[in-house]
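This one's a predicted model, so the numbers in the text were calculated from it and none came from an experiment. In the text below, chain A, chain B and the rest are named by the order of the sequence lines, each starting its count at 1.
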Number of protein chains: 2
Amino acid sequence: MATPPPAPHRAKGRPRSAAADRAILDATREALAEVGWGGLSIGQVALRAGVAKTTLYRRWPSKNELVMDAVATQLEELEVTDLGSLRADIEDVVAQFAALLSRPETQAALLALFAEGTRDAQLRKRIRQTIVDPQKRLVRQGRANAQARGELDPDCDEASAAEEIDIIFDTIAGTVEHRMLVSGEPVTPDWISRFTTLLLNPLPGFRA
Amino acid sequence: MATPPPAPHRAKGRPRSAAADRAILDATREALAEVGWGGLSIGQVALRAGVAKTTLYRRWPSKNELVMDAVATQLEELEVTDLGSLRADIEDVVAQFAALLSRPETQAALLALFAEGTRDAQLRKRIRQTIVDPQKRLVRQGRANAQARGELDPDCDEASAAEEIDIIFDTIAGTVEHRMLVSGEPVTPDWISRFTTLLLNPLPGFRA
DNA sequence: CAGATACGCTACGACTCGTAGCGAAAGAGC
DNA sequence: GCTCTTTCGCTACGAGTCGTAGCGTATCTG
């Protein structure tokens, strides 16, 4: 995403330092992981980033925007994969999610952002557009690949398939989030394998 | 849980007002939903609860403890059900989760608590014991009921079954949390039905 | 070189924090 | 009913942070 901070930027005088941007966003994530949302002070972030406090205020009007950008810049790494089978692709997506959520700074920043989103409809909308939707695209692409490979029934209602994808995405993202962010337990390859099995197959031992 | 605030309480002088406790916890949840974790000030909570600021400081040493109790007192309502079929039981559990997470005050308080948990190992442990484990028991009981009704294969490895339950719980809780708390989308009976279908059956159109 | 913008620094009023001290209120125990 | 003990509400306090303004310097454009 690399949202450049809101700036008029008429490209006339001295341009804004891109290095400062990176330093600030890094410092924001670190500070958030250490002192939490409540303890996050602009002054401390500026000190840690090695910039003046006023520089920070000039670029980001509120904590929300700052943390939003700090998180978004860390979320560009998810990639669509085609490993040859639906199962392998799903496991890969889950592993990518897990890797993303494994960094303590990302954990704190994401959850703090989600918490703020419950109070700020506009922020929640930005979260959806910036974080959720791109991830959802990943799952959609994975399904399309599987269909192209002939792993899925071709005669399947298109409309309901779209809804299924939403549910599947919520399931994948939510399950990993819950395990790592709430319970704080690790997501191992073994766990990923079992989870994928549960997703693809009927409940073990269950006769429908 | 109804954790009484830490108090020596030698039962000699004037006892602590239980009404004040309730007022404080209610005010905490409301304030959290309005101003968020960062904006949550003890002074404001006291004002809203109609008690003196000093009274609050006497009972709860930190914001973490206060919010923890504020959330815990709202989470006692989940109940084990036996509606006669595994599918119905699962749908009921999902519906209970959804009802719990539908209140804006609970949403904000829970996510704020989770966010703090990423920085505070002790708090995370309390979250597990107070919130996660009781909910997990629900799923375990549901599975036991299904097994008693003969809905599950009797000859199923016990050890791996326990691990399956953990995964299933993470899946149920995480999916609902993600949809309601992150995306902010509603959990309707129709959605619950589709989600349960996905959980119990193989991926639609997928040939394993 | 002149113009324009960003940067770092300092100082400022306004606000909130958590604590201490006090008299009054409210039960417990005899 | 009387006394003792603890809590309660109130006020005042120093400490600290907030976000902003002003100014001189640094850095890039044309």
Identify all pairs in which a protein N or O lies below 3.5 Å from an N or O of nucleotides 9-11 of chain D, and state each distance.
residue : atom : partner : partner atom : Å
D:dG9   : OP2  : B:A52   : N            : 3.2
D:dG9   : OP2  : B:T55   : OG1          : 3.0
D:dG9   : O6   : B:R58   : NH2          : 3.1
D:dC10  : N4   : B:T54   : OG1          : 3.0

Next on the checklist: Could you tell me how far apart A:L47 (CG) and C:dC9 (P) are, to the nearest whole angstrom?
Outcome noted: 10 Å

Item to check | A:D170/B:R179 ion pair, N-O < 4.0 Å | outcome: yes

Checklist outcome for this item: Out of D:dT5, C:dC7, C:dG27, minimum distance to the side chain of A:R14 belongs to C:dC7

Next on the checklist: Looking only at the side chain of A:I42 (C-beta and beyond, no hydrogens), which of the listed nucleotides D:dT7, D:dG19, C:dA4 gets closest?
Outcome noted: D:dG19

Checklist entry - What residue among A:R126, A:R59, A:R29 forms salt bridge (Lys or Arg N to Asp or Glu O under 4.0 Å) with A:D69? => result A:R126

Item to check | Aromatic plane relationship, A:H178 with B:F169 - under 30° parallel, 30 to 60° tilted, over 60° perpendicular | outcome: perpendicular

Next on the checklist: Expressed as a whole number of angstroms, how long is the span from A:R59:CZ to C:dC7:C1'?
Outcome noted: 9 Å

Next on the checklist: In this structure, how many angstroms lie between the P atom of D:dT7 and the OH atom of B:Y57, rounded?
Outcome noted: 18 Å

Checklist entry - Say you draw a straight line from OG1 of A:T171 to CD1 of A:I165; how long is it, rounded to the nearest 0.5 Å? => result 12.5 Å

Item to check | Protein-nucleotide distance (B:R16, atom CZ; C:dG27, atom P), rounded to Å | outcome: 15 Å

Checklist entry - How about B:Q147 and B:R143: does a side-chain donor come under 3.5 Å of a side-chain acceptor? => result yes

Next on the checklist: Just the rounded figure in Å: distance from P of D:dT7 to CH2 of B:W60.
Outcome noted: 14 Å

Checklist entry - Is any side-chain heavy atom of A:Q74 less than 4.5 Å from a side-chain heavy atom of A:L100? => result no

Item to check | Nearest-Å distance for atom pair CD/P, residues B:Q44 and C:dT16 | outcome: 7 Å

Item to check | Integer-rounded Å distance: D:dG19 C1' and A:K63 NZ | outcome: 12 Å

Checklist entry - What integer distance in Å separates A:D21:CG from C:dA6:C1'? => result 12 Å

